[in-house]
Colleague: 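One structure is given below, represented as structure tokens, and several questions about it will come after.
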Amino acid sequence: MHNITHLHPKFSIITVTYNAENVLEDTIQSVITQTYKNVEYIIVDGKSTDKTMEIVGRYKEHIHTVVSERDKGLYDAMNKGIALATGDYVCFLNAGDELHEDDTLQLMVHSLAGLNELPDVIYGETAIVDEEGHFLRMRRLSAPEQLTWKSFREGMLVCHQAFFARRDRAVKYDLHYRFSADFDWCIRIMKQSKILHNTHLTLIDYLNEGMTTRNHKASLKERFRIMCKHYGYVSTVMKHLWFALRLILHK
């Protein structure tokens with residue numbers, strides 16, 4: 001008998017919703033049709049006033065936990081999701097986003113073959129899709145071969161949705177940040193992680209909705225503050241000067 005460890009982690013997939021009736025159904029279906037079954041699905045709704053909860057109701061036998069109540073915004077709702085999760089890993093799948101294929105989780109678990117323990121973080125690539133779910137392009141930033149907490153000096157190289165964190169590493173989101181708490185969250189988790197596992201798979205189809213430009217600006221400012229906090233002010237400024245220079249040279 002060869003002593004091969006077959007890791008069989010449980011995934012807690014969390015979708016935070018607020019008036020998401022137009023995009024939620026595809027997200028739910030992408031989770032409940034997974035061939036890998038060791039999954040719990042959690043929906044945290046911020047008291048939607050549209051048909052969101054009606055759609056959730058249609059699938060309720062496939063959804064393990066549903067909460068619908070007012071919250072202090074997106075990241076507060078995500079913290080609730082972490083508190084409700086019981087799996088080995090947490091993954092945040094926004095309404096509108098989908099797991100890439102029906103066997104994505106299965107393939108992720110296959111990619112762990114040969115490991116004796118569950119990695120702290122499992123990550124992969126992200127495809128950008130349109131409203132019909134048609135592939136547009138791969139995400140502009142791609143995952144590094146070996147992710148470390150220093151990787152995000154270059155920006156958010158792994159999409160938040162394609163970043164599966166072990167639940168016992170999952171810190172709370174810092175509610176001081178309104179737009180980029182996920183960036184800070186990933187860095188804080190990576191700082192306390194030893195094994196970060198690259199699946200070399202496309203994990204997520206990300207709906208190309210684009211943040212409003214106003215939010216985009218605020219989000220970049222926050223991201224700058226977060227980078228200064230983790231990587232130091234001078235190094236962050238130098239990095240941004242290089243980003244700017246690169247932009248000019250590429251024109």
Colleague: Side chains of Asn79 and Trp185, heavy atoms from C-beta outward: is any pair under 4.5 Å?
Modeller: no
Colleague: Using only heavy-atom distances, determine whether the side chains of Lys191 and His230 contain a donor-acceptor pair under 3.5 Å.
Modeller: yes
Colleague: Sequence neighbours excluded, which residues qualify as side-chain contact (heavy atoms from CB on, under 4.5 Å) partners of Phe243?
Modeller: Glu154, Lys239, His240, Arg246
Colleague: In chain order, what residues pass the side-chain contact (heavy atoms from CB on, under 4.5 Å) check against Lys10, with sequence neighbours excluded?
Modeller: Asn38, Glu40, Thr86, Asp88
Colleague: Between Phe183 and Tyr173, is the ring centre distance below 6.0 Å?
Modeller: no
Colleague: Just so I know, are the side chains of His134 and Val129 near enough to count as touching, which here means a heavy-atom distance under 4.5 Å?
Modeller: no
Colleague: Do Asp184 and Lys229 sit within salt-bridge range, that is, some charged N less than 4.0 Å from a carboxylate O?
Modeller: yes
Colleague: Considering the options Val31, Thr202, Val39, Asp205, which one meets the side chain to side chain contact (heavy atoms under 4.5 Å, CB included) requirement together with Leu99?
Modeller: Val31
Colleague: In Å, rounded to the nearest 0.5 Å, how long is the span from CG of Leu118 to CZ of Arg167?
Modeller: 12.0 Å
Colleague: Please report the interatomic distance NE2(His216) to CZ(Arg223), rounded to the nearest 0.5 Å.
Modeller: 8.0 Å
Colleague: Under a single-linkage definition using a 4.5 Å side-chain heavy-atom cutoff for Ile, Leu, Val, Met, Phe, Trp and Tyr, are Tyr123 and Leu141 assigned to the same hydrophobic cluster?
Modeller: yes
Colleague: Using the rule given for ring pair (Phe, Tyr, Trp, His ring centres under 6.0 Å), can you reason through Phe179 versus Tyr75, listing the C-alpha separation, both sets of side-chain angles and the distance that settles it, and then say yes or no?
Modeller: CA-CA 9 Å; Phe179 305 104; Tyr75 297 117; 8.7 Å; no
Colleague: Considering the options Leu203, Val90, Val121, which one meets the side chain to side chain contact (heavy atoms under 4.5 Å, CB included) requirement together with Phe164?
Modeller: Leu203
Colleague: Show your working on ring pair (Phe, Tyr, Trp, His ring centres under 6.0 Å) between Tyr206 and His100 and close with a plain yes or no.
Modeller: CA-CA 9 Å; Tyr206 182 86; His100 184 58; over 10 Å; no
Colleague: In Å, rounded to the nearest 0.5 Å, how long is the span from OH of Tyr177 to CG of Leu74?
Modeller: 15.5 Å
Colleague: Which atoms form the tightest heavy-atom contact between Phe152 and Cys186, and what is the distance?
Modeller: CE2-CB, 3.7 Å
